[in-house]
K.L.:
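Structure in structure tokens, see below.
These numbers come from a predicted model, not from an experiment. In the text below, chain A, chain B and the rest are named by the order of the sequence lines, each starting its count at 1.
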Amino acid sequence: MFWIRSFRLKMIMAVAKWGVTRKSWWNLSAPTPRVRFIWVTAEVPPSADTLCRILSFCGHQVVREFYVNDAGLQIRMLGESIWARMKQKENPNFVFPENGYHGDYILDLADTIAKEIDLSSKNPDEAVALCAQDGKEMMLTEIQRALDRFRINFDVWSSEEDLHASGLLDQTLDSIQAKGHLYDREGAVWIKTSQFGDDKDRVIRKSDGQYTYFASDIAYHLEKHRRGFTKAINIWGADHHGYVPRVKAALLSHGIPENWLSVLLIQLVKLWENGQELRMSKRAGSFVTLQELLDEVGVDAARFVFLTKSHDSPLDVDMDLIKKQDSDNPVYYVQYAHARICSIIRKAASEGIAVLDHIDGISEKLALKEEMAIIRTMSEFPALLEDISKTLEAHRLTYYLTHLAASFHRYFNMGLKNSELRVVTEDKTLTQARLILVSGVKIVIANGLRLLGVSAPEKM
RNA sequence: GCGCCUGUAGCUCAGUUGGAUAGAGCAGCGGACUUCUAAUCCGCAGGCCGCAGGUUCGAAUCCUGCCAGGCGCGCCA
């Protein structure tokens with residue numbers, strides 16, 4: 001989950017027609033504001049995106065949705081924070097809101113907005129509202145820009161505010177009411193989630209008439225289910241794990257089975273620099289931005305590195321280490337295998353030997369135990385992807401590709417000592433057989449890297 | 001106090017239905033480039049798999065209890 005206190009940006013992938021259309025593997029061969037993604041959650045977009053890619057690859061229809069919590073207090077607080085920073089330029093004693101957002105990005109937003117709009121004639125309420133609206137739009141723009149750079153695309157951007165405006169919330173409330181799961185207490189409206197596995201009942205509408213955040217979430221999920229999605233996958237920061245039972249309980253109260261919704265909880269990343277831990281406070285923090293990470297190591301390396309750990313395992317990241325990792329990142333190991341194979345294919349072509357589209361009659365030429373190892377590993381690819389579609393553990397793909405690349409590199413190096421063990425040899429039939437083998441590896445690696453959102457260079 | 005997650009090599013992490021001598025990368029040491037790309041390969045060294053019990057023919061994996069760290073327990077978002 002991206003989490004900037006003013007926003008809670010929920011990424012929801014809903015998978016429709018779970019398991020209906022399956023493709024066969026064999027058909028597959030074929031000083032402006034900077035982005036303020038907090039590091040603790042920067043790993044979410046790559047792993048979620050890869051998961052989507054794998055699910056699609058396996059034949060599922062996937063809709064990627066980015067849900068923005070832009071209703072109510074949070075946005076107003078954003079506006080007040082920006083406004084306060086503006087006022088402080090001329091009056092350092094201007095009071096900063098108690099629960100305001102302290103990050104430096106607020107200063108940037110304040111500067112930018114101050115240049116664009118003259119707020120001096122506005123009364124405070126109007127000014128705050130304008131700051132809130134502009135600040136929100138600017139942050140969303142930044143997020144979108146960063147996602148583009150990260151090669152991540154969402155099909156749908158939905159807003160909590162729109163959810164309110166559409167009347168869906170009232171509708172949802174009625175529907176829960178009709179099922180007899182609501183009651184009033186001390187002026188608030190409660191939902192009986194405790195009857196469906198939650199610790200206690202929850203407030204859905206506060207005594208001041210405002211809906212809670214939870215209310216929007218219920219409406220949101222029910223709407224997803226109503227529209228026919230057979231599976232929903234939410235990706236949240238691990239600090240929200242306590243929230244899962246109540247959402248599931250609310251869904252269960254509408255007869256939606258517990259396993260309809262999967263929530264992946266991404267553990268927090270601890271960041272180290274110069275031997276010191278950088279505490280990533282949600283609102284006061286020294287942010288390390290996603291932009292900086294991308295500048296430092298590049299998109300390929302950044303995406304790969306986030307997918308080398310299981311999502312429920314915490315990761316310590318040493319900035320000094322990741323900065324020098326640009327030449328040393330495991331992604332290059334896999335990419336290099338791909339580039340090397342391309343080089344072999346070019347070499348063969350220069351000698352007039354093309355890659356055949358079948359291996360009939362020459363497959364027995366492949367007899368080395370290293371060749372068998374490669375074939376065995378390649379054959380595991382489809383099952384691996386199916387497994388990942390079920391377990392939602394995308395990190396296994398990086399380990400698989402590293403393993404496959406290793407089996408190729410080992411094979412390749414034999415040819416350095418003994419020219420008879422090269423792919424391109426004097427024996428044309430043997431060469432053709434080995435060409436098919438390595439171009440198979442090339443295809444699997446290219447597919448795997450594409451699923452990771454990583455490029456597969458032909459030369460390095 | 002209660003709940004969830006984590007604890008595996010010096011460091012970062014894999015280890016998915018319980019199965020043979022527990023793996024990889026980085027860091028360390030020693031080797032391999034007149035050759036299809038050395039961003040590679042080969043070898044050495046490095047482990048009471050947090051601790052203690054239990055289940056099992058067999059446990060890093062399952063159960064219980066501890067210890068340590070992270071996170072969460074509002075008419076907050």
K.L.:
From the options B/A38, B/C75, B/C4, select the nucleotide whose nearest atom is closest to the side chain of A/His241.
P.N.:
B/C4
K.L.:
To the nearest angstrom, how far is A/Lys309 atom NZ from B/U8 atom P?
P.N.:
15 Å
K.L.:
Among B/A32, B/C75, B/A14, which is the nearest nucleotide to the side chain of A/Ser310?
P.N.:
B/A14
K.L.:
Base, sugar-phosphate alone, or nothing: which one does A/His403 contact when heavy atoms must sit under 4.0 Å apart?
P.N.:
nothing
K.L.:
Measure the distance from CE on A/Met414 to C1' on B/U35 and round it to the nearest whole Å.
P.N.:
15 Å
K.L.:
Please give the distance between the P atoms of B/U8 and B/G15 as a whole number of Å.
P.N.:
14 Å
K.L.:
Side-chain N or O of A/Arg340 versus OP1/OP2 of B/A38: is the shortest distance under 4.0 Å?
P.N.:
yes
K.L.:
Would you say the side chain of A/Ser207 and the base of B/C75 hold a donor-acceptor pair, judged only by whether the two atoms sit under 3.5 Å apart?
P.N.:
yes
K.L.:
What is the per-nucleotide protein-contact pattern of nucleotides 17-25 of chain B, from the 5' end, where B denotes a base atom under 4.0 Å from a protein heavy atom, S denotes such proximity for sugar-phosphate atoms only, and - denotes neither?
P.N.:
---------
K.L.:
With rounding to the closest Å, how many angstrom separate the C1' atoms on B/U35 and B/C48?
P.N.:
48 Å
K.L.:
Cation over ring, A/Lys192 on A/Phe196, under 6.0 Å and within 45°?
P.N.:
no
K.L.:
For A/Ser455, enumerate each residue passing the side chain to side chain donor-acceptor pair (under 3.5 Å) test, keeping only those at least two apart in sequence or located in another chain.
P.N.:
A/Asp300, A/Gln335
K.L.:
Pick the closest RNA chain B nucleotide for A/Phe214 and for A/Ser419 by heavy atoms, then say which residue is nearer the 5' end.
P.N.:
A/Ser419
K.L.:
Provide, to the nearest angstrom, the distance between the CG atom belonging to A/Asp208 and the C1' atom belonging to B/C75.
P.N.:
8 Å
K.L.:
Between B/C36, B/C41, B/A14, spot the one nearest the side chain of A/Arg410, thanks.
P.N.:
B/C41
K.L.:
What's the gap between B/G25 and B/G19 when it is taken at their P atoms, as a whole Å value?
P.N.:
23 Å
K.L.:
Checking A/Arg53 now: which residues fulfil salt bridge (Lys or Arg N to Asp or Glu O under 4.0 Å) with it, not counting sequence neighbours?
P.N.:
A/Asp49
K.L.:
Counting any heavy atom closer than 4.0 Å, what does A/Arg202 reach on the DNA or RNA strands: base, sugar-phosphate only, or nothing?
P.N.:
nothing
K.L.:
In terms of side-chain heavy atoms of A/Ala188, which of B/U16, B/C36, B/C75 is nearest?
P.N.:
B/C75
K.L.:
Please, which pairs that meet salt bridge (charged side-chain N to carboxylate O under 4.0 Å, His left out) have at least one residue in residues 420-439 of chain A, sequence neighbours excluded?
P.N.:
A/Lys365-A/Asp427, A/Glu371-A/Arg434
K.L.:
Categorize A/Arg205 for me: base, sugar-phosphate, or nothing, with a 4.0 angstrom heavy-atom threshold over every strand shown.
P.N.:
nothing
K.L.:
Salt bridge (Lys or Arg N to Asp or Glu O under 4.0 Å) with A/Lys206: which residues, sequence neighbours excluded?
P.N.:
none
K.L.:
Got a donor-acceptor contact below 3.5 angstrom from the A/Ser47 side chain to the A/Leu307 backbone?
P.N.:
no
K.L.:
Distance between the C1' atoms of B/A38 and B/C33, in whole angstroms?
P.N.:
6 Å
K.L.:
Sequence neighbours left out, what passes salt bridge (Lys or Arg N to Asp or Glu O under 4.0 Å) with A/Asp387? Give chain and number order.
P.N.:
A/Arg396
K.L.:
Heavy atoms from C-beta onward define the side chain here; which of B/C36, B/C75, B/U16 lies closest to that of A/Val424?
P.N.:
B/C36
K.L.:
Where does B/C71 fall, syn or anti, if syn means a chi angle no more than 90° from 0?
P.N.:
anti
K.L.:
Looking at B/C41, B/U16, B/A39, which one has an atom nearest to any side-chain atom of A/Tyr336?
P.N.:
B/A39
K.L.:
With side chains defined as the heavy atoms from C-beta onward, is the minimum distance between A/Arg151 and A/Arg303 less than 4.5 Å?
P.N.:
yes
K.L.:
What's the closest nucleotide to the A/Tyr332 side chain, out of B/A39, B/C75, B/A32?
P.N.:
B/A39
K.L.:
Of all the choices, B/A32, B/A38, B/U16, which nucleotide is nearest to the side chain of A/Lys417 once you look at every atom?
P.N.:
B/A32
K.L.:
Starting from P on B/G74, measure out to CG on A/Asp199 and report it in whole angstrom.
P.N.:
10 Å
K.L.:
Taking side chain to side chain donor-acceptor pair (under 3.5 Å) as the test, write out the residues that go with A/Asp198, two or more places apart.
P.N.:
A/Thr193, A/Arg202
K.L.:
Which heavy-atom pair separates A/Phe214 from A/Ala250 by the least distance, and what is that distance?
P.N.:
CZ-CB, 4.1 Å
K.L.:
Which nucleotide in the list B/A14, B/C41, B/G74 gets nearest to the side chain of A/His409?
P.N.:
B/C41
K.L.:
Ignoring hydrogens and angles, answer whether the base of B/U35 and the side-chain atoms of A/Arg422 contain a donor-acceptor pair closer than 3.5 Å.
P.N.:
yes
K.L.:
List in numerical order all residues of residues 427-441 of chain A for which some heavy atom is under 4.0 Å away from an atom belonging to RNA chain B.
P.N.:
none
K.L.:
Excluding sequence neighbours, so at least two apart, what forms side chain to side chain donor-acceptor pair (under 3.5 Å) with A/Glu258?
P.N.:
A/Lys248
K.L.:
Can you name the closest pair of heavy atoms from A/Ile82 and A/Gly135 and give their distance?
P.N.:
CD1-CA, 3.9 Å
K.L.:
Please measure how far the C1' atom in B/G23 lies from the corresponding atom in B/G30, and state the result in whole Å.
P.N.:
22 Å
K.L.:
Assess the residue pair A/Lys347 and A/Glu351 against the criterion (salt bridge (charged side-chain N to carboxylate O under 4.0 Å, His left out)); give the C-alpha distance rounded to whole Å, side-chain angles, the decisive distance to 0.1 Å, and a yes or no.
P.N.:
CA-CA 7 Å; A/Lys347 166 81 175 172; A/Glu351 297 187 9; 3.4 Å; yes
K.L.:
List in chain and number order the residues that pass salt bridge (Lys or Arg N to Asp or Glu O under 4.0 Å) with A/Glu370, two or more places apart in sequence or in another chain; answer none if no residue qualifies.
P.N.:
none
K.L.:
What's the CG-P distance between A/Asp198 and B/G3, to the nearest Å?
P.N.:
15 Å
K.L.:
Classify the angle between the aromatic ring planes of A/His164 and A/Tyr211 as parallel (below 30°), tilted (30 to 60°) or perpendicular (above 60°).
P.N.:
perpendicular
K.L.:
Reckon A/Lys347 touches a base, only the sugar-phosphate, or nothing at all at heavy-atom distances under 4.0 Å?
P.N.:
sugar-phosphate
K.L.:
Could you go through nucleotides 44-47 of chain B and list every protein N or O atom that sits under 3.5 Å from one of its N or O atoms, giving the distance for each pair?
P.N.:
none

K.L.:
Nearest heavy-atom pair of A/Met378 and A/Gly440: which atoms, and what distance?
P.N.:
SD-C, 3.4 Å
K.L.:
C1' atom, B/C71 versus B/U56: distance in rounded Å?
P.N.:
35 Å
K.L.:
Using only modelled atom types and a 3.5 angstrom limit, is any donor from either the side chain of A/Glu186 or the base of B/C75 paired with an acceptor on the other?
P.N.:
yes
K.L.:
Classify A/Glu370 by what it touches in the nucleic acid, base, sugar-phosphate, or nothing, heavy-atom distance under 4.0 Å.
P.N.:
nothing
K.L.:
Can you give me the dot-bracket string for RNA chain B, 5' to 3', counting Watson-Crick and G-U wobble pairs with both distances under 3.5 Å, using [ ] for crossing pairs and | for partners on another strand?
P.N.:
(((((((..((((.....[...)))).(((((.......))))).....(((((..]....))))))))))))....
K.L.:
Please state the P separation for the pair B/G72 and B/G50 - nearest whole angstrom.
P.N.:
25 Å
K.L.:
Under 30°, 30 to 60°, or over 60°: which ring-plane class applies to A/His395 and A/Tyr399, parallel, tilted or perpendicular?
P.N.:
perpendicular
K.L.:
Taking atom P in both B/G1 and B/C13, compute the distance separating them and give it to the nearest angstrom.
P.N.:
28 Å
K.L.:
Within this structure, what is the NE2-to-P distance between A/His240 and B/C5, rounded to whole angstrom?
P.N.:
18 Å
K.L.:
Pick the closest RNA chain B nucleotide for A/Met460 and for A/Thr391 by heavy atoms, then say which residue is nearer the 5' end.
P.N.:
A/Thr391
